[in-house]
J.: 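Below you will find the structure I want to go over with you.
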Protein chains: 2
Amino acid sequence: MSRMTVERRKAPRQAEAERNDRALLEAARAVLATDGAHASVAAIAKRAGVGIGSLYRRYPTKEALFQRLLDLALDQYLAAAEAALADPDPWNGLAGYVTTVIEFAGSLSPLAGMLPLTEEIRAKDRRAGEAVAAVVARAHDAGVLRPDATRLDVELLIEQLGRSPLVEQLAKRGRGDLDAAAGSARARIIAIALDGLRAAGHPPLPGDPPGYELFAERWEPAS
Amino acid sequence: MSRMTVERRKAPRQAEAERNDRALLEAARAVLATDGAHASVAAIAKRAGVGIGSLYRRYPTKEALFQRLLDLALDQYLAAAEAALADPDPWNGLAGYVTTVIEFAGSLSPLAGMLPLTEEIRAKDRRAGEAVAAVVARAHDAGVLRPDATRLDVELLIEQLGRSPLVEQLAKRGRGDLDAAAGSARARIIAIALDGLRAAGHPPLPGDPPGYELFAERWEPAS
DNA sequence: CAATGAACGGAGTAAATCGATCCGTTTCGA
DNA sequence: TCGAAACGGATCGATTTACTCCGTTCATTG
C-alpha cells in the first residue's frame with residue numbers, strides 16, 4: 001500500500017498526453033474523410049499538431065489507431081440510436097439519427113476491409129445494429145417511414161450521404177472560406193433524401209431489399 | 001495525289017488499335033471509379049488488357065488520357081440532357097437524366113482540380129450546363145419538381161449519388177458475385193432521392209440555394 | 001540546484017509505388 | 001523475305017510511406 005497513487009491533479013505532462021490523444025483521434029477522422037484510404041500517419045500527426053514520434057508512442061501501429069477510432073465510432077453509433085429512441089416523435093428520432101450519424105460515417109467507410117476486426121468491435125456493431133433496427137421499426141409502426149424502405153436501405157443511404165465529394169475536395173484545398181456554403185449545400189441534399197424516405201404515397205422501390213451480406217462481406221479483411 | 005489512302009477495309013492492326021483505345025477509355029473510367037484520384041496507369045492498362053507501352057503510344061501522358069475522358073464524358077452529359085428534353089414527360093425526362101448521368105458521374109469527380117481545363121472542355125461544360133438548366137426549368141414549369149430545388153441542387157445530388165462506397169469497395173475486391181445485389185441496392189437509394197426531389201408538399205429546404213462557385217472553384221487546377 | 005526520466009518532435013531509413021521510357025517481339029502487307 | 005507498325009512489359013528515377021531512433025524539453029525529486 002505504499003504506492004499512494006493519489007491523482008490529486010493530473011501531472012501537466014500527462015494532461016498534455018491526453019489532449020494529444022484526443023487530437024490524434026480527431027485528426028485521424030478528419031484526414032480519413034478527406035484523403036480516404038490513403039490517409040498517411042504523417043498527415044494525421046501534422047493535423048493533430050503532434051510529432052510522429054508521439055503518435056507511435058501511443059499506438060504501436062497505424063492499424064491500431066484506426067481500430068481504436070472505429071471502436072469509439074461504434075460507441076457513437078449506439079449513443080445516437082439510443083438518443084433517437086428517447087425522442088418522443090418517431091420521425092424526428094429517425095431523422096435526427098440519420099443526420100447525426102452522417103457526420104462521422106463518412107470517415108469510417110474508407111476503413112472497410114482494411115482492418116482486422118476485433119471481437120469487441122463485432123460485438124459493438126451487433127449492438128448498434130439492433131438499436132438502429134428498433135429506431136426503424138418504431139418509425140414503421142408509427143407509419144411515418146415509407147413501408148418499403150428497410151433498415152438496410154436506411155443504413156446504405158447514410159453511408160451514401162456520409163461521403164461528400166464536394167466538402168472533401170474543398171477541404172483538401174485551402175478553400176476553408178467555402179466550408180459554410182458547402183455544408184449548407186450538403187444539408188439540402190440530406191433534406192431531399194429524408195423527404196424521399198418519409199411515408200408519402202411514393203411509388204414502390206425497385207428490386208429486392210438489400211441483404212446483409214453487402215455490409216458484412218465488405219468489412220472482412222480479406223485482402 | 002499518289003497517296004491512295006483507300007480505306008477499303010481497315011487494316012487488322014489498326015482495328016486492334018481502335019479497340020484498344022476504347023478499352024483504355026473504358027478501363028480508365030472503371031479504375032477511376034474504384035481507385036479514385038490515385039488511379040495508376042498500370043492499373044488502367046492492366047484492366048484494359050493492354051500493355052503500358054500501348055497506352056503511352058496513344059496518349060503522351062496520363063493527364064492527356066484523363067482530359068480525353070473528360071471531354072468525351074461532357075459529350076455524354078449533353079446527349080443525356082438533350083434526350084431528357086426529347087421526352088414528352090417533363091418528370092420522366094428529368095428522372096431519366098439523373099439516373100443516366102449518375103452512371104458515369106462518379107468516375108469524373110475524382111478528376112476535379114487535377115487537370116488543366118482546355119478551352120474546349122470549358123465550352124462543352126457551358127453547353128451541357130445550359131441544357132441541364134432547360135431540363136430543370138421545364139420540370140419546374142410543369143410543377144413536377146419541388147420548387148425550392150435549384151439546378152445546382154440537382155447537379156450536386158447527382159454528384160453525391162455518383163460515387164457509391166458500396167459498389168466501389170465490392171468491386172475493388174473479387175466479389176463480382178455481389179455486383180447485382182449492390183447495383184440493386186444502389187438503385188433503391190437513387191429512387192428514394194428522386195422521390196424526395198419530386199413536388200409533393202415537402203417542407204422547405206434549409207439554407208440558401210448553392211452558388212456556382214462550389215462547382216467552378218473545385219475544378220480549377222490550383223494545386 | 002542537479003539529476004532523473006517521461007513525454008516530446010522530427011530527421012532518417014528501407015520498402016513500396018508511380019509515371020514514363022526503352023527495347024525486343026509479333027503481326028501484317030508488299 | 002523484308003520493313004513498318006503496333007504490341008507488351010522490364011526497367012528507371014523520383015516520390016511516398018510506415019516506422020525507428022535519437023537529441024531536446026520539462027516537471028518532479030532528493
Side-chain angles (χ1 to χ4, degrees), chain A residues 2-24 27-28 31-32 34-69 110-111 114-116 172 223, chain B residues 2-24 27-28 31-32 34-69 110-111 114-116 172 223:
Chain A
S2 64
R3 263 180 69 84
M4 284 282 291
T5 37
V6 191
E7 297 201 4
R8 210 166 271 278
R9 293 166 204 169
K10 267 166 197 160
R13 214 59 171 159
Q14 268 182 14
E16 183 183 2
E18 269 184 39
R19 281 199 311 275
N20 282 348
D21 190 29
R22 265 191 292 274
L24 277 173
V31 173
L32 218 37
T34 65
D35 293 0
H38 314 25
S40 71
V41 288
I44 293 173
K46 183 175 183 179
R47 166 130 196 166
V50 156
I52 298 183
S54 298
L55 189 157
Y56 274 97
R57 200 170 317 104
R58 236 158 292 277
Y59 299 96
T61 186
K62 182 189 181 184
E63 200 172 84
L65 169 62
F66 284 155
Q67 273 177 333
R68 174 116 177 91
L69 187 66
L111 294 179
M114 288 181 52
L115 257 40
K172 185 137 44 181
S223 182
Chain B
S2 63
R3 263 180 69 86
M4 285 281 292
T5 36
V6 192
E7 296 199 4
R8 209 166 270 277
R9 293 165 205 171
K10 267 167 197 159
R13 212 61 172 164
Q14 269 182 13
E16 183 183 3
E18 271 185 40
R19 280 200 311 275
N20 282 348
D21 190 29
R22 266 191 292 273
L24 277 173
V31 173
L32 218 37
T34 65
D35 292 1
H38 316 33
S40 71
V41 288
I44 294 173
K46 184 174 184 180
R47 165 128 196 169
V50 157
I52 297 184
S54 298
L55 188 158
Y56 275 96
R57 199 170 317 103
R58 235 158 295 276
Y59 299 97
T61 186
K62 182 190 182 186
E63 201 172 81
L65 168 61
F66 285 154
Q67 275 177 331
R68 174 115 178 93
L69 187 65
L111 294 179
M114 289 180 52
L115 295 178
K172 186 138 41 182
S223 180

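Lettering of chains follows the sequences in order, A, B, ..., and the numbering in each one begins at 1.
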J.: In Å and rounded to the nearest 0.5 Å, what is the CG to CZ distance from B:Leu24 to B:Arg19?
T.: 12.5 Å
J.: Whole angstrom is fine here: how far is it from NZ in A:Lys46 over to P in C:dA11?
T.: 12 Å
J.: Between B:Ser54 and D:dA6, does any side-chain N or O lie under 4.0 Å from OP1 or OP2?
T.: no
J.: Looking only at atom types and distance, does a side-chain atom of B:Thr61 sit under 3.5 Å from a main-chain N or O of B:Ala64, one as donor and one as acceptor?
T.: no
J.: What is the distance from atom CZ of B:Arg47 to atom OG of B:Ser40, rounded to the nearest 0.5 Å?
T.: 12.5 Å
J.: Side-chain N or O of B:Asn20 versus OP1/OP2 of D:dA6: is the shortest distance under 4.0 Å?
T.: no
J.: Describe, as an angle rounded to 10 degrees, how the axis at the first end of the helix from C:dC1-D:dG30 to C:dA30-D:dT1 is tilted relative to the axis at the last end, five pairs per end.
T.: 10°
J.: Which nucleotide in the set D:dC7, D:dG8, C:dA7 lies at the smallest distance from any side-chain heavy atom of B:Arg57?
T.: D:dC7
J.: Just wondering, more than 12 heavy atoms not from B:Arg68 lying within 6.0 Å of its CZ?
T.: no
J.: Considering residues at least two apart in sequence or located in another chain, which fulfil the side chain to side chain contact (heavy atoms under 4.5 Å, CB included) criterion with B:Pro116?
T.: B:Glu63, B:Gln67
J.: Rounding to an integer number of Å, can you tell me how far B:Glu18 CD sits from D:dC7 P?
T.: 11 Å
J.: Quick test: give all pairs of protein nitrogen or oxygen and nucleotides 15-22 of chain C nitrogen or oxygen below 3.5 Å, distance rounded to 0.1 Å.
T.:
{"residue": "C:dG19", "atom": "OP1", "partner": "B:Ala39", "partner atom": "O", "Å": "3.4"}
{"residue": "C:dG19", "atom": "OP1", "partner": "B:Lys62", "partner atom": "NZ", "Å": "2.3"}
{"residue": "C:dG19", "atom": "OP2", "partner": "B:Val41", "partner atom": "N", "Å": "2.9"}
{"residue": "C:dA20", "atom": "OP1", "partner": "B:Thr61", "partner atom": "OG1", "Å": "2.8"}
{"residue": "C:dA20", "atom": "OP2", "partner": "B:Tyr56", "partner atom": "OH", "Å": "2.8"}
{"residue": "C:dA20", "atom": "OP2", "partner": "B:Thr61", "partner atom": "OG1", "Å": "3.2"}
{"residue": "C:dA20", "atom": "OP2", "partner": "B:Lys62", "partner atom": "N", "Å": "2.9"}

J.: Could you list the donor-acceptor pairs under 3.5 angstrom formed by side chains in residues 49-57 of chain A, with sequence neighbours left out?
T.:
none

J.: Rounded to the Å, how far apart are B:Leu24 CG and D:dG8 C1'?
T.: 13 Å
J.: Roughly, in whole Å, what's the span from CZ in A:Arg58 to C1' in D:dA18?
T.: 18 Å
J.: With a 4.5 Å cut-off on side-chain heavy atoms, are A:Ile44 and A:Leu32 touching?
T.: no
J.: Tell me, do A:Val41 and A:Tyr59 make a side-chain contact under 4.5 Å, heavy atoms counted?
T.: no
J.: Can you name the residues that form a side chain to side chain donor-acceptor pair (under 3.5 Å) with B:Asp35, not counting sequence neighbours?
T.: none
J.: In whole angstroms, how far is the P atom of C:dA7 from the CZ atom of A:Arg19?
T.: 14 Å
